[in-house]
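This report concerns only the one structure given below.
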2 protein chains.
Amino acid sequence: MTLKYATKLENPATDYLAHLSIDCVVFGFHDNQLKVLLLKSKYLDEWSLPGGFVMHSETVEQAARRTLEERTGATDIFMQQFRVFSNPERKNPIFQKENMLKANLKMNNFDWLNQRFVSIGFYALVEFSKVDAAPDIYSEECVWKNVDQVGRLMMDHNQILTDALETLRLQLRHQPIGYNLLPNKFTMPELQKLYETILGRELDRRNFQRKILSYKIVKRLPERRTGVAYKAPYLYRFDLEEYNKALREGLSGDW
Amino acid sequence: MTLKYATKLENPATDYLAHLSIDCVVFGFHDNQLKVLLLKSKYLDEWSLPGGFVMHSETVEQAARRTLEERTGATDIFMQQFRVFSNPERKNPIFQKENMLKANLKMNNFDWLNQRFVSIGFYALVEFSKVDAAPDIYSEECVWKNVDQVGRLMMDHNQILTDALETLRLQLRHQPIGYNLLPNKFTMPELQKLYETILGRELDRRNFQRKILSYKIVKRLPERRTGVAYKAPYLYRFDLEEYNKALREGLSGDW
DNA sequence: ACAAAAGTGTTAACCTTACACCCATGC
DNA sequence: GCATGGGTGTAAGGTTAACACTTTTGT
């Protein structure tokens with residue numbers, strides 16, 4: 001919970017592009033559950049997605065990566081833009097006068113922040129255990145929540161999350177989603193649970209295993225998971241070369 | 001070739017969001033070929049995609065729709081945003097001092113236009129025959145070109161086109177692409193050619209027909225196409241209700 | 001021993017693929 | 001009549017879906 005990089009917002013009007021922001025839906029997988037990283041506001045009783053602004057010399061991808069590294073402490077994060085959100089009424093309620101005063105932000109920030117923002121939505125996939133979640137300057141905490149237990153979020157952030165999940169589901173055959181969400185070694189039931197969670201339905205254990213193995217995208221290791229109840233399952237590792245090759249064509253099948 | 005709506009750019013700095021633009025890849029299908037709408041600059045020997053800016057009170061979708069209606073004269077156009085292009089060096093060469101002077105644009109536009117722009121890419125699908133292509137104020141003509149005969153385009157517009165085509169290919173099972181590109185009545189070989197063009201490979205005529213019919217997304221009409229060489233093919237029409245229902249799940253199959 | 005989870009195998013149904021054949025039309 | 005494109009059918013091979021049995025482990 002340490003703030004690794006303190007984003008300065010002293011002169012946003014000169015440092016950042018006006019009216020343009022990014023929002024990140026950070027997914028993780030832990031305890032067989034899909035999780036998302038959320039921030040709790042210091043000033044309002046509101047939860048939100050991690051977000052940031054775009055510097056004049058940055059691409060939006062660089063801005064998203066900077067934000068993600070600040071919130072998670074992790075590097076080399078897999079991320080993708082997926083949609084632009086541009087309702088003209090789209091203003092962050094945190095950036096209102098009374099909150100700005102509480103936050104000791106200079107008044108010359110006020111006009112710049114308290115405007116309509118067009119936001120570029122990114123989703124990111126991180127290995128849960130590698131994340132050390134850190135709040136931003138407007139937030140008192142940064143925590144993981146199960147995607148099915150996220151309550152009401154600020155602004156259109158529930159919509160952004162829903163769209164990110166939909167994108168994840170649609171891209172399951174074309175993006176290395178398993179590779180980026182799971183640890184290096186994982187069991188077949190874990191991989192299956194990940195697929196089931198994203199797809200929102202159950203799959204047949206035996207058919208799933210046969211299909212995954214037929215793609216040749218994972219290699220079975222000699223080891224098994226230890227210290228677990230019942231029969232110890234084998235560990236697997238992605239064969240990245242084969243995985244990427246298969247994803248280029250898209251994993252076939254009827255999931 | 002009439003300019004139906006003249007976009008004014010007298011006070012861009014107050015009317016539009018700074019640093020933010022949209023670019024549209026407009027697809028049409030004619031003579032069994034996939035076409036894209038391009039503009040030829042008045043001032044430079046450059047071709048470009050239709051584009052525009054976002055007004056303060058607009059969503060990016062509204063801005064894209066406004067632009068599309070200006071260029072095509074058509075309404076109710078199917079369109080989707082597909083990616084944001086944000087290279088920090090991204091400046092439109094048309095908006096340089098010498099061109100601005102030639103164009104008789106006021107000098108107070110100069111600073112605003114001659115900056116880095118983050119651009120939101122849209123693709124649009126239009127029925128070819130319904131389009132009356134009209135150039136914008138910077139262009140001397142607005143014409144259809146075959147997608148495989150597009151030459152060098154301005155800035156990153158070749159990249160935008162390539163990404164749009166890739167998106168089209170990926171979304172073929174989930175978006176009503178056939179419905180929006182073809183006229184109301186069409187033949188099975190025409191629908192097949194459209195699929196083949198987007199997928200970039202040939203399909204078996206008989207298997208294609210069987211598969212399309214198995215989805216029940218098109219209905220055969222009693223009429224046939226007249227005045228055509230060789231055997232007269234039947235005409236078909238999309239059953240929009242069934243089509244949309246099928247697209248929600250995604251058309252299955254191995255195309 | 002038993003319950004729960006994991007590994008492996010089999011079959012029928014379905015879908016895809018690769019063809020062959022006939023029909024209609026313009027030259 | 002013949003070349004070309006269009007309409008219809010069929011058989012072989014492959015993939016999926018549904019299901020049974022055995023193995024391992026903690027209690």
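Remember, it's a predicted structure, so these values are computed and weren't measured experimentally. Just so you know, these numbers use all the heavy atoms, side chains as well, and skip hydrogens, waters and symmetry mates.
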- line: Hits for salt bridge (Lys or Arg N to Asp or Glu O under 4.0 Å) against Asp45(B), two or more places apart or cross-chain, chain-then-number order -> Lys40(B)

- prompt: Can you name the ring pair (Phe, Tyr, Trp, His ring centres under 6.0 Å) partners of His30(B), sequence neighbours left out?
  reply: Phe128(B)

field: Residues that Pro233(A) engages under side-chain contact (heavy atoms from CB on, under 4.5 Å), provided they are two or more places apart
entry: Thr187(A), Arg225(A), Val228(A)

Residue among Ile160(B), Leu168(B), Ile120(B) satisfying side-chain contact (heavy atoms from CB on, under 4.5 Å) with Phe82(B): Ile160(B)

query: Where the side chain of Asn207(A) is defined as all heavy atoms beyond and including C-beta, which of dG7(D), dA18(D), dT17(C) is the nearest nucleotide?
result: dA18(D)

Atom-pair distance (CG on Asn32(B); C1' on dG6(D)), nearest Å: 14 Å

message: My understanding is that only residues two or more places apart in sequence, or in another chain, count here; which of them pass salt bridge (Lys or Arg N to Asp or Glu O under 4.0 Å) with Lys130(A)?
response: Glu127(A)

message: Could you tell me how far apart Glu190(B) (CD) and dG6(D) (C1') are, to the nearest whole angstrom?
response: 13 Å

query: Yes or no on ring-ring contact (aromatic ring centres under 6.0 Å, His included) for Phe186(B) and Phe238(B), after CA distance, side-chain angles and deciding distance?
result: CA-CA 9 Å; Phe186(B) 53 88; Phe238(B) 276 101; 5.0 Å; yes

Filtered N/O pairs between nucleotides 21-23 of chain D and protein, under 3.5 Å:
| unit_1 | atom_1 | unit_2 | atom_2 | d |
| --- | --- | --- | --- | --- |
| dT23(D) | O2 | Lys231(A) | NZ | 3.2 |

field: Separation of dC15(C) P from Phe208(B) CZ (nearest whole Å)
entry: 18 Å

field: salt bridge (Lys or Arg N to Asp or Glu O under 4.0 Å) involving Arg210(A) - partner list, sequence neighbours excluded
entry: none

- prompt: Rounded to the nearest Å, what distance is computed from the CG atom of residue Asp204(B) to the C1' atom of nucleotide dG7(D)?
  reply: 13 Å

- prompt: Atom CG of Leu203(B) and atom P of dG5(D): how far apart are they, to the nearest Å?
  reply: 17 Å

query: Of all residues at least two apart in sequence or in a different chain, which pass the side-chain contact (heavy atoms from CB on, under 4.5 Å) check with Thr59(B)?
result: Ser86(A), Pro88(A), Glu61(B), Gln62(B)

Indicate every side-chain donor-acceptor pair of residues 31-38 of chain A with a distance under 3.5 Å to a residue at least two apart or in another chain.
| unit_1 | atom_1 | unit_2 | atom_2 | d |
| --- | --- | --- | --- | --- |
| Gln33(A) | OE1 | Asn146(A) | ND2 | 2.8 |
| Lys35(A) | NZ | Asn146(A) | OD1 | 2.9 |

task: State which residues pass salt bridge (Lys or Arg N to Asp or Glu O under 4.0 Å) with Arg205(B); sequence neighbours excluded, sorted by chain then number.
output: none

- line: Separation of dT16(D) atom P from Glu202(A) atom CD, nearest Å, is 20 Å

- prompt: Between dG7(C) atom P and Arg225(A) atom CZ, what is the distance in whole Å?
  reply: 12 Å

task: Just jot down the side-chain contact (heavy atoms from CB on, under 4.5 Å) partners of Glu202(A), sequence neighbours excluded, or say none.
output: Glu196(A)

Atom-pair distance (CZ on Arg224(A); C1' on dT24(D)), nearest Å: 8 Å

message: Stem finding on DNA chain D, please: runs of three or more consecutive Watson-Crick or G-U wobble pairs, both distances under 3.5 Å, sorted by first number.
response: C:1-27 with D:1-27

query: Quick one, which residues of residues 209-223 of chain A touch DNA chain C with a heavy atom under 4.0 Å?
result: Gln209(A), Arg210(A), Arg220(A)

